[in-house]
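Working notes, structure below.
One-based numbering, in listed order, for ligands and for the atoms of each.
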Amino acid sequence: MVELESSSQAAIELENRYGAHNYHPLPVVLSRGEGVYVWDVEGKKYYDFLSAYSAVNQGHCHPRIINALRSQAEKLTLTSRAFYSNVLGQYEKYITTYFGFDKVLPMNTGAEAVETALKICRKWGYEKKGVPENKGQIIVFDQNFHGRTTTIISFSGDMTAKKNFGPFTHGFNKIAYNDTEALQEALQNEHVVGVLVEPIQGEAGVNVPNEDFIHNVARLCKEYNALFIADEIQTGIARTGSMLAVCGNCTCSSKCERQSTYVRPDVLILGKALSGGVYPVSAVLADDTVMEVITPGTHGSTFGGNPLAGAVAMEALQVVLDERLMENARKLGELFRKRMDDFIKTTDLISMVRGKGLLNAIVINDHPDSSTAWDICMSLKDNGLLAKPTHGNIIRFAPPLVMTEDELHECCDIIERTIADFEKRS
Ligand SMILES: *Cc1c(COP(=O)(O)O)cnc(C)c1O
């Protein structure tokens, strides 16, 4: 194996010298992770409050998931879909039962799964709804984040993500988030085939819509015969205190006992924590009436549905249930927001805390272009807690869901102490 760089400075210099500069990381070089902790190359230990954008819900290097990876890796890793494997069917049965859908289409990254959902939705629109070919419209929302492919950035509002990457894909109508009236109006267009929505906008800074918004999306989609497509890549798999954020406050197990079809999406997109951060695994779930528009040759991926991915995803999903991560995320989330709400009364630096389960953010009381959120994250790093600003003056806090109550209190102590010190200095 290649000898790895042993100092932070050297590792950072290598990335700067040889890697494309498509990220601006916090200057910390990690070499090990376990549960809620990560360690840098100098051996300093940190609480991870990003969890790889909620991919590591089950905690770093979860022993059961690593075991599943290791034991499958020794048998068979990739066949391509030119042949069957003894894992894929079992995984497909497992995940469709788990989330209560007829069928799954397995992919690898989140953006690929979103692309897949958009393709399914368009094809459904032409073949089932009867929209004239090439006229289909998909409704999306301001400040959305769904990934980085050319089609997906076509309806992004983030100018940095778009500039000089055109020409863009047509057929998307972007409206205000959390605005039921705007949605109803947009749905008057009979060429609308679907609505693509994040139940909580993670990248936009943990924008939590009104309690009834997602219900209204589901209801209106049914009324106007458009597909309700939920992008739960960041919010799903116990992150917000229920198995899916579309479940609202329902905490029944993934095999939904209440059959609350009211908020059930027609198309569900998963990624990130589907593998516990061990391997890129994403999925699109839908019932037969929708998924049957996909026929041999219409879509595919060399790695999608490979045996390694299937084995890892089954174990990662089972860990979520066995360790009751939904309940823990819910309990710790309430505790976190309570502590931050109390703390806000003592400082002018934070204007609010918001979120659900363990997907939370604090809004820094400074203009969006200021470096305050970044500077606070640098101080948090010095004090042993890793978080990253999102959209200027917002800091997202999303630790692995395997955290204990004592650990969360210690983390709140670190956050409060860091911000109080920061305020004194500035
Ligand atoms: C991360 C994310 C994506 C993209 O996933 P990748 O694996 O980075 O392609 C899409 N949608 C949402 C809501 C996400 O958080």
Among L69, N306, L308, find the residue that satisfies the side chain to side chain contact (heavy atoms under 4.5 Å, CB included) test when tested with T77.
L308
Compute whether any side-chain donor of one residue and acceptor of the other, for Y98 and Q318, lie under 3.5 angstrom apart.
no
Using a 6.0 Å distance limit plus a 45 degree cone around the ring axis, check whether K222 lies over the aromatic ring of F228.
no
Checking side chain to side chain contact (heavy atoms under 4.5 Å, CB included) against V195, which of L183, L220, I229, I175 comes through?
L183
Any idea which residues sit under 4.0 Å from ligand 1, heavy-atom distances?
T109, G110, A111, F145, H146, G147, E198, D231, I233, Q234, K272
Can you say whether the rings of H24 and W374 are parallel (under 30°), tilted (30 to 60°) or perpendicular (over 60°)?
parallel
Taking G304's backbone N and O only, do any of them form a donor-acceptor pair with S301's side chain (distance below 3.5 Å, no angle check)?
yes
